[in-house]
Amino acid sequence: MSFEDIPVPIGPVYEGERIRAKQMYVELGGPKMKKHFELCKVVDKKEITDGQVTIHGIDLKDMEEGSTHPIGILVEVTGPELEVDLEAVFERRVHEFCNFVNGIMHLNQRYTNWLRISKTAVEKGFNSFQLLGAVLIRLYKAELPIIEQAQVTFFTNEKEIEKPYTMAMEIYDKRDERARTIHDEDVDMFYGCVLCQSFAPTHACCITPDRTSLCGSINWFDARAAAKVDPKGPLYEVPPGECLDPLAGEYTGVNEMIKKRSLGEINRIFLFSGMEFPHTSCGCFEAIDFYIPEVNGHGIIDRNYGDVAINGLPFSAMANQTGGGKQMPGFNGISIQYIISPKYQQYDGISQGLNSGIETVVWMNKGVKDRIGDFLPKDLLPKIATEEEVTDINALKQWLQDVDHPILATWAEALAEEEEEEEEWEAEGAMVPMGTMGMTIPGVGGAGGFKVILKNCKVVAEAIIIKKIEPKGRKKK
Ligand code: SF4
Ligand code: ZN
């Protein structure tokens, strides 16, 4: 495979490239645009002209510097072994392959896709979607040899994108609908995905019927199909092994998988908790489940929400806290589909005496509530506040009491625990209250290094203490 005719270098080495607003020539999709998408479809050989790139709307070179445009990317592929179940996993590779291009930053997926093209790339001659299409087609065929032929179509204006956008949304809905038909107990195999390790090296997704991948784009059926055709690829089988705790969703096989894939960094995962041994989060989660200590409840914010959440933090600030492959109790990257699973964070709710995990949710931005409201318990739905009802924690507290939210039942115990913890903290000065994180970064050869303590980080870290550790035997006199 050659990219000699492409005016910018291409390769996995450019995957982590960030393009800031000042460096960008144009922005495509993203939170400022209403309708945008990327979709992969497996089609019949007759419907494809191999290598063809079509542009509906204006091309890159005709876009004004600094402007933002809709973007639709439709990748159509064919091959005798291809099946519809592979579409979602192929589609997820748009992210990776676009990021191979030096001068393109691609974020997210499905209808939240967001691209920036750098000024430098355009100056070098990367000024047409024809070039991007050609790169995608070559990479698809080279990296996924079961794809025999491919064509790519771009949609770059509001009128042209309308129809394919509607089609894409219908296809995403169908995939999600199907995923809701099965549960973890119906299957004897889970799946893992490490596609995001180039950005978050200790992150690996565990995909089960009840826990759709946090990017929202790969469900259990999709993962199964991908692992079948390419068992050595980025999606692979995870035999669940023994279930150590059905409420938490802790399995020996999942623990072994994360230990291996995080290179020993993470040893345990509770699939159904955001508070104890939570699933790691990379950076492309659709939403965040965050703990609100003042009401012992949880909030949910999705990445389309531009304002601050009930805890005063915008999505971007919480995303920094959540992502990067860390295991961060109180901040958990999730897919929208997972919220409507009956197992949603069930450990956090049921272990406190509630009926389910969803009963811990006290706030979600209206966009999320509108999308999944139909699937939530009818009696709980009106008790979950949005930005339209309350905008600060005090008002939220009052609201929860007024609507008699189930979380009230946990308050007496949670508050008593908190007081106890605070007393211990004050009395001993060295106890670690909930949410405080400590980690040691060893020096070369394991000697010395630094200790990083994130103190009182229930919502935000109030202090980061970096202490030099004197190696043993080298103490200053
Ligand atoms: Fe794979 Fe998870 Fe990344 Fe989605 S978020 S691409 S499932 S690693
Ligand atoms: Zn990711």
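These values consider heavy atoms only, across backbone and side chains, with no hydrogens, waters or symmetry-generated copies. All figures in this text were calculated on a predicted structure; none of them were measured in a lab. Order of appearance sets the numbers: ligands from 1, and atoms from 1 within every ligand. Residues take their numbers from the sequence shown, with the count starting at 1.
- Contact annotation: for Leu235 versus ligand 1, there are no heavy atoms closer than 4.0 Å.
- Using a 4.0 Å cut-off between heavy atoms, Ser217 makes no contact with ligand 1 at all.
- Glu38 and His106 are linked by a side-chain donor-acceptor pair at a separation below 3.5 angstrom, with hydrogens and angles left out of the test.
- When heavy-atom distances to ligand 1 are checked against a 4.0 Å cut-off, Cys284 comes that close only through its side chain, counted from C-beta outward.
- Among all non-hydrogen protein atoms, the one lying nearest atom 7 (S) of ligand 1 is Ser213 CB, 3.2 Å.
- For the residue pair Asn296/Gln352, the side-chain donor-acceptor check at 3.5 Å is satisfied.
- Nearest non-hydrogen protein atom to atom 1 (Fe) of ligand 1 is Cys193 SG, 2.3 Å.
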**Q.** Verdict with supporting geometry, His203 and Lys326, side-chain contact (heavy atoms from CB on, under 4.5 Å)
**A.** CA-CA 7 Å; His203 171 78; Lys326 294 168 292 202; over 6 Å; no
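- With ligand atoms numbered from 1 in the order given, ligand 1 contributes 4 (Fe), 6 (S) to contacts under 4.0 Å with heavy atoms of Arg92.
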Q: Evaluate the salt bridge (charged side-chain N to carboxylate O under 4.0 Å, His left out) criterion for residues Arg116 and Glu27: first the C-alpha distance (whole Å), next the side-chain angles of each, then the deciding distance (0.1 Å), finally the verdict.
A: CA-CA 5 Å; Arg116 277 181 177 173; Glu27 183 164 68; 2.8 Å; yes
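- In this pair, Tyr140 and Phe90 present their aromatic rings perpendicular. The plane angle is above 60°, beyond the 30 to 60° band.
- The protein atom (non-hydrogen) at minimum distance from atom 4 (Fe) of ligand 1 is Cys215 SG, 2.3 Å.
- Numbered from 1 in the order shown, with element, the atoms of ligand 1 that lie under 4.0 Å from a heavy atom of Leu195 read 1 (Fe), 6 (S), 8 (S).
- Scanning all protein heavy atoms for the shortest distance to atom 3 (Fe) of ligand 1 gives Cys196 SG, 2.3 Å.
- Cation-pi geometry between Arg303 and Phe315 is not satisfied (NZ or CZ under 6.0 Å from the ring centre, within 45° of the ring normal).
- Ligand-side atoms of ligand 1 in range of Leu214: 5 (S), range being under 4.0 angstrom from any heavy atom.
- For ligand 1, the atoms sitting less than 4.0 Å from at least one non-hydrogen atom of Cys282 are 5 (S), numbered in the order shown with element in parentheses.
- The nearest N, O or S atom of Cys205 is not closer to atom 1 (Fe) of ligand 1 than 2.8 Å.
- Figure legend: cation-pi geometry between Arg261 and Tyr236, with NZ or CZ positioned under 6.0 Å from the six-membered ring centre and within 45° of its axis.
- With 3.5 Å as the limit, one finds no donor-acceptor pair spanning the side chains of Gln346 and Ser356.
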